[in-house]
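One structure below.
Quick note: numbers below take in every heavy atom, side chains included, and nothing from hydrogens, waters or symmetry partners. Residue numbering restarts at 1 for every chain, and letters A, B, ... go by the order of the sequence lines.
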2 protein chains.
Amino acid sequence: MNATPQHHDEHEAARAANSRLVRDFGLLIKSATRLEQRIDSALRRECGISHTMLEVLIRLWRQPGEEVSQRQLADDLTLTSSGTTRLIDRMEDAGLVRRVPSPGDRRVALVEPTAEGRTTFLRAAAVHAQVVEEYFVKPLAADDYARMTSALSEITRALRGDAG
Amino acid sequence: MNATPQHHDEHEAARAANSRLVRDFGLLIKSATRLEQRIDSALRRECGISHTMLEVLIRLWRQPGEEVSQRQLADDLTLTSSGTTRLIDRMEDAGLVRRVPSPGDRRVALVEPTAEGRTTFLRAAAVHAQVVEEYFVKPLAADDYARMTSALSEITRALRGDAG
DNA sequence: ACTCAGCAATTGCTTGCTCAGTAATTGAGA
DNA sequence: TCTCAATTACTGAGCAAGCAATTGCTGAGT
């Protein structure tokens with residue numbers, strides 16, 4: 001046993017790296033990352049779109065008839081406005097959505113799905129559901145699933161609470 | 001009420017976008033993404049490192065004395081080997097780690113933390129713990145927290161199970 | 001002993017994002 | 001009515017990741 005400051009720090013570092021908190025939180029990040037990667041590659045392979053694009057399409061059909069601006073999309077997807085601009089560029093090029101000037105405010109561009117966007121969305125949603133079912137629902141007992149989603153709601157609420 | 005195929009598809013699309021599965025899974029991705037962003041920006045601001053770099057440091061102190069290759073880091077962090085190469089490049093430039101040729105296999109580069117890496121890690125771990133405590137532990141009842149982590153273990157197990 | 005399939009790390013190129021800065025438009029207060 | 005701070009979208013530059021191809025090395029089968 002050596003009691004130099006270095007040895008003390010090494011011990012502290014090992015403690016920190018193996019703490020409960022670190023381990024558990026790592027699990028959350030890792031599961032989410034891997035799940036998203038899995039969905040993304042399935043969608044690219046089978047529908048030619050990214051997971052982010054699917055999230056846009058989901059948002060566009062959340063409340064049919066609602067006018068959705070890029071700003072709203074940016075907020076809902078946790079993207080910057082420039083990221084959103086270029087995402088919509090790509091989706092427009094792919095024929096999935098179109099930009100329509102807002103009648104009420106000439107600064108905003110509303111985003112609308114096209115007919116092609118709709119058929120792609122229907123296929124993509126099926127792929128998405130299949131992967132989610134397999135790796136999110138199936139591994140969990142029904143009880144755990146319910147608790148998990150309520151816990152996640154709490155977390156997003158806490159995060160939304162303050163700025164940053 | 002119009003019964004054209006288009007109307008049927010619109011209805012299907014709205015149903016898909018509002019399904020339980022989609023909503024719940026979106027919650028998981030969004031919480032994880034936002035939490036990670038929050039941690040990343042706190043770490044950059046207060047310690048000058050990214051969240052990914054912290055994950056490397058955590059891994060390096062998981063089993064002190066263990067030899068860790070870039071390949072192992074890549075697997076544990078869910079990164080490609082090229083991504084890992086450049087990540088370690090940056091960390092080496094920042095003085096946090098150093099590459100050491102493996103004595104047993106001249107293909108592999110072992111990654112070791114430096115003294116500076118250790119002090120940075122200790123500060124970063126404190127920042128990390130604080131954010132995790134605030135937005136992951138505190139919003140959850142103790143009971144929910146325990147169930148959540150066991151559920152996450154199940155998910156990672158399911159994901160690890162098959163290739164992908 | 002030699003070959004060769006396979007693995008570790010690296011590099012060039014591409015993608016998808018952020019940040020910082022810009023231009024047009026809006027709406028609230030003097 | 002006019003002004004000006006805030007807001008929307010967009011653009012250029014930069015960064016961190018992935019994919020594909022390359023290099024150097026290893027170890028198993030002949």
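Computed from coordinates, the A:Asp105 CG to D:dA6 P distance equals 17 Å when rounded to whole Å. Per the geometry, CZ belonging to B:Arg107 stands 5 Å off C1' belonging to C:dC7, to the nearest Å. Spacing between atom CD of A:Glu36 and atom P of C:dC17 amounts to 10 Å, rounded to whole angstrom units. Regarding A:Leu77, its CG atom lies at a distance of 9 Å from the P atom of C:dC17, rounded to whole Å. Residue A:Gln37 contributes atom CD, which lies 14 Å from atom C1' of D:dC19 at whole-angstrom precision. Straight-line distance from the CG atom of A:Asp89 to the C1' atom of C:dG16: 12 Å, rounded to whole Å. Atom P of nucleotide C:dT15 and atom CZ of A:Arg90 are separated by 10 Å, given to the nearest angstrom. Residue B:Leu79 contributes atom CG, which lies 14 Å from atom P of C:dT10 at whole-angstrom precision.
B:Ser82 contributes a side-chain N or O that forms a donor-acceptor pair with the base of D:dC19 under 3.5 Å. Under 3.5 Å, the side chain of A:Arg86 and the base of C:dT18 form at least one donor-acceptor pair of N or O atoms. With hydrogens and angles ignored, no donor-acceptor pair under 3.5 angstrom links the side chain of A:Arg106 to the base of C:dG27.
Within the 4.0 Å cut-off from OP1 or OP2 of D:dC19, not a single side-chain nitrogen or oxygen of A:Arg44 is found. Close to C:dA9, at under 4.0 Å from its OP1 or OP2, lies no side-chain N or O of B:Ser81.
Contact check on A:Arg147 versus B:Asp143 returns a salt bridge, with a Lys/Arg side-chain nitrogen under 4.0 Å from an Asp/Glu carboxylate oxygen. A salt bridge links A:Glu92 with A:Arg99; the closest basic N to acidic carboxylate O contact falls under 4.0 Å. A salt bridge links A:Arg59 with A:Glu66: the distance from a Lys NZ or Arg NE/NH1/NH2 to an Asp or Glu carboxylate oxygen falls below 4.0 Å.
The 5' end of DNA chain C is approached more closely, in terms of each residue's nearest nucleotide, by A:Leu87 than by the other of A:Leu87 and A:Gly104.
No more than 12 heavy-atom neighbours from other residues, nucleotides or ligands sit within 6.0 angstrom of CD on B:Gln130.
When only modelled atom types and interatomic distance are considered, B:Thr78 and A:Arg34 share a side-chain donor-acceptor pair under 3.5 Å.
Scanning both residues, A:Trp61 and A:Arg118, for their nearest heavy atoms gives CH2-CA, 3.4 Å.
DNA chain C lies under 4.0 Å from at least one heavy atom of each of the following residues of residues 51-74 of chain B: B:Ser69, B:Gln70, B:Arg71.
Here A:Ser41 contributes atom OG and A:Glu36 contributes atom CD; the two are 11.0 Å apart, rounded to the nearest 0.5 Å.
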